[in-house]
Amino acid sequence: MAKKVLILSSSPRRGGNSDTLCDEFMRGAAESNHEVEKIFLRDKTIHYCTGCSTCSLYQKPCPQKDDAAEIIEKMVDADVIVMASPVYFYTISAQMKTLIDRCCGRYTEMNGKEFYFIVTAAEDDRKKMLRTIDTFQGFLDCLEDPVIKGTVFGLGVWHKGEINGNPAMKDAYQMGKQV
């Protein structure tokens, strides 16, 4: 059965290493006849959460007028969510964290989702990258019945294009095929 796959690419560089892995995941998932959409967060306007509590306390839509509501709606509708980030100082990008923070009003609607993570870093120590996965896990800990299906580690890459030829390219494609 075809699934709705939403890929959230938080690379600040279009065609950067983590964004390239998103494309490989997308190619694999599309070849397996899933409905796939990739959102390049840099192209979107997503303001910081202001802590006004309109969404959580008053159960009303966020008063901010930006692209977050549309993206979060797609997260709620997706069967599979791929969260991709370059690693900065052993954690996710600001773009991804800002989006996660804005999920406050609707995270309780993201039940039973399948998740994949894609991370890239100049560091090539996989153990150190687990700190970044822990950050994603912090988001998932607030959801009901999330299932982590896989993680792609693109390690030892810094400059744009260094991911090409890295085993992570095959890993991303294969994980996409196996959705």
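The analysis underlying the following values was restricted to heavy atoms, covering all of them including side chains, and did not include hydrogens, waters or symmetry mates. Keep in mind that what you see is a predicted model, and the values were worked out from it rather than measured.
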For P12, check side chain to side chain contact (heavy atoms under 4.5 Å, CB included) against everything at least two apart and list the hits. P86, Y88, Q95
Side-chain atoms of residues 56-64: list all donor-acceptor pairs with protein atoms under 3.5 Å, sequence neighbours left out, distances to 0.1 Å.
{"unit_1": "Q59", "atom_1": "NE2", "unit_2": "S56", "atom_2": "O", "d": "3.1"}
{"unit_1": "Q64", "atom_1": "NE2", "unit_2": "Y48", "atom_2": "O", "d": "2.9"}

Side chain to side chain contact (heavy atoms under 4.5 Å, CB included) filter on A78, not counting sequence neighbours, yields L6, I81
Side chain K44, main chain E70, donor-acceptor under 3.5 Å: no
Applying side chain to side chain contact (heavy atoms under 4.5 Å, CB included) to D141 and not counting sequence neighbours gives Q137
T91: what forms a side chain to side chain donor-acceptor pair (under 3.5 Å) with it, not counting sequence neighbours? T135
Contacts of type salt bridge (charged side-chain N to carboxylate O under 4.0 Å, His left out), residue E73, not counting sequence neighbours: R106
Identify, with sequence neighbours excluded, every residue that meets salt bridge (charged side-chain N to carboxylate O under 4.0 Å, His left out) alongside K38. D19, D23
All N/O donor-acceptor pairs, side-chain side in residues 163-171, below 3.5 Å, sequence neighbours left out:
{"unit_1": "N164", "atom_1": "ND2", "unit_2": "G161", "atom_2": "O", "d": "3.1"}
{"unit_1": "N166", "atom_1": "OD1", "unit_2": "A168", "atom_2": "N", "d": "2.8"}
{"unit_1": "N166", "atom_1": "ND2", "unit_2": "L155", "atom_2": "O", "d": "3.2"}

Can you pull the side chain to side chain donor-acceptor pair (under 3.5 Å) pairs that have at least one residue in residues 114-127, sequence neighbours excluded? K3-E114, Y90-E123
Does any pair with a residue in residues 120-174 pass ring-ring contact (aromatic ring centres under 6.0 Å, His included), and if so which ones, sequence neighbours excluded? F117-F136
Side chain to side chain contact (heavy atoms under 4.5 Å, CB included) against D134, all qualifying residues, sequence neighbours excluded: none
Residues at least two apart in sequence or cross-chain that pass salt bridge (charged side-chain N to carboxylate O under 4.0 Å, His left out) with R14, listed by chain then number, are D43
